[in-house]
Peer 1: 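Quick one: the structure is below, and I'll ask about it shortly.
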Amino acid sequence: MSTDVRPSPAGGLRARRARLTARVGPLPGSVRRLLDNRLVEGLTTPHGVSRYLEAVHPLWTLEGGRALVTEVYRETPDMTTITLRPDQSWQGFVAGQHVRIGVQIDGALRTRTYSVSSSQHRADGHLTITVKRKEGGLVSGHLASEVRPGQALACSPATGDVVLPDPRPDRLVLISGGSGITPMASMLRTLADEGHRGRVTFLHYARTRADVAFAADLERIAERMPHAQVVIVTTGPGERGPLTGRFVPAHLHNLVPDHLEVPTFACGPTGLVDAVEAHYETLGGVEQLQVERFTPPVLQTSAEPGDGTIRFATSGIERSDDGRSLLEQAEDEGLAPESGCRMGICRTCTQHKVAGGTVDLRNGRRSDAPEEQVQICVSVAAGDVILDL
Amino acid sequence: MAATALYDRPDTPANATVPDALPRGVTPAPFRLPPSAAHLTAEQVEELGRELDAIREKHEADLGEVDADYIRRMIKIQKGLEASGRALLQVGVLPPAWFGGVAALALSKILDNMEIGHNVLHGQYDWMEDPAIHSRTYEWDIPGPSEQWKSGHNVIHHTWTNVVGMDRDVGYGVLRVTDQQPWRARDLANPITALVLAFIFEYGIALHGLEMEEMLEGDHPLEEAKPLAAAIRAKAGKQALRDYVLFPALAGPAAPATFAGNVSANVVRNLWAFTVIFCGHFPDGVEMFTEEDIVDETRARWYLRQMLGSANLTGSPLFHLLTGNLSHQIEHHLFPDIPSRRYADIAVEVREICDRYGIDYHTGPIHHQFGTVIRGILRLSLPDATYKRENRFKVRKELKKLTAPVSRRIDELAAIGREGRAA
Ligand code: FES
């Protein structure tokens with residue numbers, strides 16, 4: 001059911017170079033050790049040897065943090081799986097963890113977090129992420145349709161605490177919705193590769209079956225495992241099947257009557273996760289439950305400065321916006337962000353905006369996307385904003 | 001209409017004398033426009049500012065793939081030139097290899113400093129969010145640490161451009177480049193200082209970050225300079241080790257040739273950078289400002305000061321590239337963080353604006369502009385030579401006026417005498 005998104009055209013220098021690049025891996029450890037010494041550092045100061053090597057191949061850096069796209073598959077009309085060959089900095093991951101992926105769009109590096117969807121035990125050491133194209137989503141849209149094998153992406157080490165427990169529990173309930181399927185798929189695939197014999201119940205909610213990435217693959221895996229079960233619950237109107245409609249506790253009562261005593265993972269849109277959490281809370285099984293919400297907390301963006309909240313994430317300070325520049329308000333809170341000209345020309349004051357809306361006073365331009373840099377001396381908040389300060 | 005300052009700035013005379021919000025009914029003191037823009041009304045100046053803002057906005061909104069590809073290509077070319085230059089200099093005993101090596105390495109350093117380093121450190125590519133091309137993290141191939149350079153250049157020079165006494169780049173604390181700097185005996189050495197500076201320009205820039213002048217005058221405690229000096233020593237040491245020890249040592253018997261080649265490449269880059277940079281603010285016609293000129297300065301008047309205080313160079317696209325597009329000094333000073341590859345296009349618009357508002361747009365070929373720079377440096381080494389010449393002229397005129405009645409009287413008396421004799 002998976003198809004190659006767009007096979008590179010046979011000809012074309014670019015395509016040929018991309019194919020060649022895709023075949024070459026990161027520098028072998030021996031070469032890296034050879035290059036990683038004081039002499040080479042002295043010869044290549046101030047840029048460092050990596051800046052010369054990366055001109056030859058994008059994975060050839062000593063510091064690492066990149067991955068090469070080796071394959072692109074479209075799972076469903078709006079979900080795409082990208083296989084990545086990470087460089088030497090990759091330390092592996094535990095099923096359930098996520099990575100920050102950076103891709104250049106219109107010249108600018110955009111970074112988003114994606115769960116790993118492949119098994120921890122993949123023989124070739126590659127990993128996959130599965131990206132759901134979001135309505136108006138800049139990065140997801142680009143990853144889903146523009147990325148080609150041979151292209152390098154930025155790839156962080158894996159992080160995240162909601163992971164498959166070790167040692168593996170005898171019984172496990174996995175509940176996911178929408179793109180929340182990706183960490184669950186990684187967990188199930190990992191267990192299958194381990195020959196896991198425990199009981200695993202995987203409940204996935206989707207509008208229709210056609211919306212479910214790797215449905216057939218997961219079912220095949222479950223068949224191979226002695227006590228695993230994959231249940232797809234369709235929530236779309238007019239859908240039929242053993243279970244339909246949004247999550248209700250009855251779904252769990254039917255499949256796993258004693259689920260309140262079983263380690264349970266829930267991942268997906270806030271509505272689903274909230275409902276599962278409420279259920280475990282009221283019936284007293286909440287210590288078994290681990291959740292991850294995929295919809296970010298709702299930030300109010302507003303047209304008018306002065307009516308939102310500014311959160312300085314690093315220092316944990318929150319204040320209500322008074323409409324002055326972010327720099328002045330940070331200083332009011334006793335923070336000392338760097339600044340220079342205070343009129344928007346030197347860029348000393350640039351800070352990382354985690355999320356929220358800001359307006360550049362010089363031209364009235366808004367910045368609403370997450371993970372952007374703002375010059376805080378000439379920027380005011382437009383609604384809620386979170387700064388890395 | 002009198003404009004009020006848009007942004008508060010730290011430690012400025014503007015802040016000291018002008019309160020943030022004036023009480024109702026009090027009109028702020030009228031500001032002084034530079035003589036060459038004195039024909040503009042305050043409203044016209046603000047309109048000019050809005051037009052320039054619009055240009056900025058247009059180009060900011062348009063940033064994208066082409067700009068990213070451009071700077072990445074430049075970096076690739078620079079790396080290629082550097083690698084081939086250094087490789088050729090390893091066998092520098094052969095004259096063609098030596099000359100080729102010096103040329104490639106000097107070009108690489110010129111690109112690294114002028115089109116890549118200077119522009120990247122201005123934050124022109126910060127929007128790419130690539131740590132390898134970001135003003136926060138970038139380091140370039142000169143002895144001074146980029147951190148120090150950014151505060152001296154991006155903050156001080158670009159904010160206080162050509163304000164004598166505030167912009168430390170007016171003469172770099174060692175040269176007299178304008179009549180507005182009072183003459184001191186040491187200025188007799190102006191030409192020699194300039195010549196020496198041209199050869200060791202990279203070290204001049206590094207030491208400039210120390211604010212030695214301020215230290216000597218006691219404005220700056222010595223203690224503060226210590227960590228700065230240590231940082232310069234560390235970076236300059238690494239650079240010197242690379243060019244003057246490691247690469248020559250690797251060349252074995254060709255070491256002297258490699259050493260000489262590296263010295264030459266650095267000197268070529270220094271001379272070129274000096275020439276281009278001095279053509280930016282010190283040719284004839286470029287205006288300097290006083291601290292009163294910037295009291296209550298608005299963004300629009302800041303723009304005006306940038307235009308009047310900078311000068312361009314004319315030339316081919318390759319020439320512009322080799323100057324790091326500082327040949328578009330005016331556009332660079334108006335929009336220091338817009339990618340330099342756009343300055344040529346912006347220049348057309350800025351020039352049209354200047355024509356329309358009747359503002360001087362200083363530009364010319366490099367030999368002419370640099371000629372006036374040299375003439376200025378020579379002239380200013382002597383105490384107020386120009387003033388004297390002008391004054392002599394003025395004094396003669398004034399004297400003539402004063403003596404006119406007397407001479408008329410004498411003429412009359414003489415005429416009477418002549419008539420008497422004739423009679
Ligand atoms: S302080 Fe200079 S740009 Fe903000």
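Values below: all heavy atoms of this structure, side chains included; hydrogens, waters and symmetry mates excluded. Chain letters run A, B, ... following the sequence lines, proteins first, then strands; residues in each count from 1.
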Peer 1: Counting heavy-atom pairs under 4.5 Å with chain A, which one of B/Asp53, B/Asp243, B/Leu246, B/Ile75 comes out on top?
Peer 2: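 Looking at each of B/Asp53, B/Asp243, B/Leu246, B/Ile75 in turn, B/Leu246 comes out on top.
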Peer 1: Please rank B/Glu139, B/Arg86, B/Met128, B/His158 by heavy-atom pairs under 4.5 Å with chain A and give me the top one.
Peer 2: B/Met128
Peer 1: With only heavy atoms counted, which part of B/Ala83 is less than 4.5 Å from chain A, the side chain, the backbone, both or neither?
Peer 2: neither
Peer 1: Taking every heavy-atom pair that is under 4.5 Å apart, which of B/Glu60, B/Gln239, B/Lys235, B/Gln78 has the most such pairs with chain A?
Peer 2: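 Top option by heavy-atom pairs under 4.5 Å: B/Glu60.
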Peer 1: Salt bridge between A/Glu372 and A/Arg365, side-chain N to carboxylate O under 4.0 Å?
Peer 2: no
Peer 1: Side chain from CB out, backbone as N, CA, C, O: work out which of these in B/Tyr138 comes under 4.5 Å of a heavy atom of chain A, or both, or neither.
Peer 2: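 Contact with chain A is through the side chain of B/Tyr138 alone.
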Peer 1: Answer yes when B/Arg342 and B/Asp67 have at least one side-chain N-carboxylate O distance shorter than 4.0 Å, and no when they do not.
Peer 2: yes
Peer 1: Heavy-atom distances under 4.5 Å only: say whether B/Glu82 touches chain A with side chain, backbone, both or neither.
Peer 2: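 The side chain, not the backbone.
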Peer 1: I'd like to know if B/Glu46 pairs up with B/Arg50 as an ion pair, taking the criterion as any Lys NZ or Arg NE/NH1/NH2 lying under 4.0 Å from an Asp or Glu carboxylate oxygen.
Peer 2: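 B/Arg50 and B/Glu46: not salt-bridged.
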Peer 1: So what's closer than 4.5 Å to chain A heavy atoms on B/Leu241: side chain, backbone, both or neither?
Peer 2: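 The answer is neither part of B/Leu241.
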Peer 1: Verify, without hydrogens or angle tests, whether B/Lys150 (side chain) and B/Ser135 (backbone) share a donor-acceptor contact under 3.5 angstrom.
Peer 2: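 Side chain of B/Lys150 to backbone of B/Ser135: a pair is present.
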Peer 1: Supply the atom-to-atom distance B/His122 NE2 to B/His153 NE2, rounded to the nearest 0.5 angstrom.
Peer 2: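 Going from the NE2 atom of B/His122 to the NE2 atom of B/His153 covers 3.0 Å.
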Peer 1: Could you check whether B/Arg269 pairs with B/Asp112 (Lys NZ or Arg NE/NH1/NH2 to Asp/Glu carboxylate O, under 4.0 Å)?
Peer 2: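 No salt bridge links B/Arg269 with B/Asp112.
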Peer 1: Quick check on A/Gln375 against chain B: is it the side chain, the backbone, both or neither that has a heavy atom closer than 4.5 Å?
Peer 2: side chain
Peer 1: Considering only heavy atoms, which portion of B/Ile71 lies under 4.5 Å from any heavy atom of chain A: side chain, backbone, both, or neither?
Peer 2: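 For B/Ile71, neither part sits under 4.5 Å from chain A.
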Peer 1: By a 4.5 Å heavy-atom criterion (distance strictly below it), what part of B/Lys76 contacts chain A: side chain, backbone, both, or neither?
Peer 2: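 When you check distances to chain A, only side chain atoms of B/Lys76 fall under 4.5 Å.
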Peer 1: Is any side-chain N of the basic residue among A/Asp87 and A/Arg32 closer than 4.0 Å to the acidic one's carboxylate O?
Peer 2: no
